[in-house]
Amino acid sequence: MSTDTGRVRLTELASCGGCAAKYSAARLEQLLKGFVPVEAENLLVGLAPADDAAVYRIDDERAIIFTLDFFPPVVDDPGDYGAIAATNALNDVFAMGGTPLLALSIAAFPEDLPIEMLAEIFAAADAQVRAAGALLAGGHTIRDVEPKYGLAVVGTVHPDGIWPKNGARPGDALFLTKPLGTGLIMTGVKRGIAGTQPLERAIRWMRTLNKDAADVLRAFAPNAVTDVTGFGLFGHAYEVADRSGVRVVLESERLPAIDGALDLAREGLRTSGDPRNRDFASAHVSANGIAETYDALGYDPQTAGGLLISLPKDKAPALEAAFEAKHLFLRRVGRVEEGAGVLVT
């Protein structure tokens with residue numbers, strides 16, 4: 001991270017940052033009800049139901065994944081911002097079981113922002129795209145008073161290897177591949193009540209691609225996968241439950257948190273995205289009796305979060321061993337049952 005205090009603070013130019021800037025999930029759901037689903041034999045994933053990315057079949061062996069994601073700055077350092085924004089977009093391809101192939105920048109910047117800072121954003125994004133195995137091949141930039149950056153990403157996947165949100169089955173075990181709390185920590189930093197160590201931990205996780213986790217997971221043929229981002233764990237768990245026709249059961253005390261996030265939640269800190277996520281999911285989430293800190297963690301909007309995985313429980317021990325062998329984070333957080341909605345115990 002940069003220690004140059006003389007530079008422009010990117011977060012001061014944004015009304016909110018990262019995936020907390022997402023449009024309200026409840027309003028988005030209402031908006032999309034007005035769209036007639038496209039009828040096309042080769043459109044394997046579109047809006048009926050929506051998922052982490054669109055998928056279009058080219059032939060029996062190949063399908064393309066197409067996604068885009070961009071947001072205002074979540075951190076002040078330009079390099080961290082570029083890398084995090086790129087990671088967040090690339091991770092949608094990994095969440096679908098695919099491999100990124102090509103990316104284009106989506107950028108909006110004030111004209112008076114120093115050109116050196118813009119160069120750092122683009123360079124960090126390019127490095128992250130290359131680390132994901134893809135190429136950054138151009139993009140589009142416009143003038144805007146609030147900085148915004150992200151990527152449009154094309155990836156590939158076998159038509160039979162797509163990981164949907166709607167495939168969870170009763171008896172599945174649920175796992176997370178990253179700890180939670182990026183929204184709480186970044187809000188705490190902005191308000192001056194979170195220290196440098198929680199910030200560094202949050203940035204490290206937000207810069208972590210889900211590539212290695214997806215590479216290990218691919219051999220286990222999971223039933224359902226999504227990445228946990230702006231709608232929070234509870235919001236994304238509800239999407240999995242609703243689209244799969246099951247009940248997702250989460251064990252609150254097993255929910256992993258980035259060091260420092262729960263301390264901020266205990267102090268009553270909440271992000272701007274917290275109430276919007278509750279508007280979307282709380283009617284479908286039963287969390288009576290759990291500690292308020294875990295309730296806040298569950299609704300906390302994540303930026304570049306980990307994968308939420310649902311797979312048959314008999315595969316769980318082997319999955320845990322495979323992640324441990326690669327020194328990758330994995331936490332079993334619950335199970336899938338017959339029923340509906342999300343139950344947090």
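Values below: every heavy atom of this structure, side chains too, minus hydrogens, waters and symmetry copies. None of the values given here were measured: they were computed from a predicted structure.
A single hydrophobic cluster is not seen to contain both F323 and F94; linkage of ILVMFWY side chains at heavy-atom distances under 4.5 Å, directly or through other members, places them apart. In terms of hydrophobic clustering, with Ile, Leu, Val, Met, Phe, Trp and Tyr side chains grouped at heavy-atom distances under 4.5 Å, L101 and L90 are assigned to different clusters. At a threshold of 4.5 Å between side-chain heavy atoms, the hydrophobic network of Ile, Leu, Val, Met, Phe, Trp and Tyr places Y238 and V225 in two separate groups.
Closest non-hydrogen pair, G305 versus N210, comes out as O-ND2, 3.1 Å.
Between the OG1 atom of T303 and the CZ atom of F71 there is a distance of 5.5 Å, given to the nearest 0.5 Å. Expressed to the nearest 0.5 Å, how far CG of L297 lies from CG of L264 amounts to 11.0 Å. To the nearest 0.5 angstrom, L269 atom CG is 12.5 Å from K190 atom NZ.
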Pair up each side-chain donor or acceptor in residues 151-174 with any protein partner under 3.5 Å, not counting sequence neighbours, and list the distances.
from : atom 1 : to   : atom 2 : distance (Å)
H158 : ND1    : D160 : N      : 3.0
H158 : NE2    : E61  : OE1    : 3.3
K165 : NZ     : E239 : OE1    : 2.8
R169 : NH1    : G167 : O      : 3.1
D172 : OD1    : N223 : ND2    : 3.0
D172 : OD2    : R169 : N      : 3.0
D172 : OD2    : N223 : ND2    : 3.0
D172 : OD2    : S310 : OG     : 2.7

Please table the atom pairs, donor to acceptor, closer than 3.5 Å between any side-chain atom in residues 330-338 and protein atoms at least two apart or in another chain.
from : atom 1 : to   : atom 2 : distance (Å)
R331 : NH1    : R254 : O      : 3.0
R335 : NE     : E337 : OE2    : 3.0
R335 : NH2    : E337 : OE2    : 3.1

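Using a 30° and 60° split on the angle between ring planes, F231 and F280 fall in the tilted class, from 30° to 60°. Taking the six-membered ring for Trp and thresholds of 30 and 60 degrees, Y81 and Y149 have ring planes more than 60 degrees apart, a perpendicular arrangement.
In summary, K148 and E146 engage in a salt bridge, as defined by a charged side-chain N under 4.0 Å from a carboxylate O. Using a 4.0 Å cut-off between a side-chain N of Lys or Arg and a carboxylate O of Asp or Glu, D59 and R62 qualify as a salt bridge.
Side-chain atoms of V240 and R243, non-hydrogen and from C-beta on, never get closer than 4.5 Å to each other.
Scored by the ring-ring contact (aromatic ring centres under 6.0 Å, His included) test, F234 finds Y299 as partners (sequence neighbours excluded).
Between T229 and Q302, the side chains place no donor N or O within less than 3.5 Å of an acceptor N or O (distance only, hydrogens not considered).
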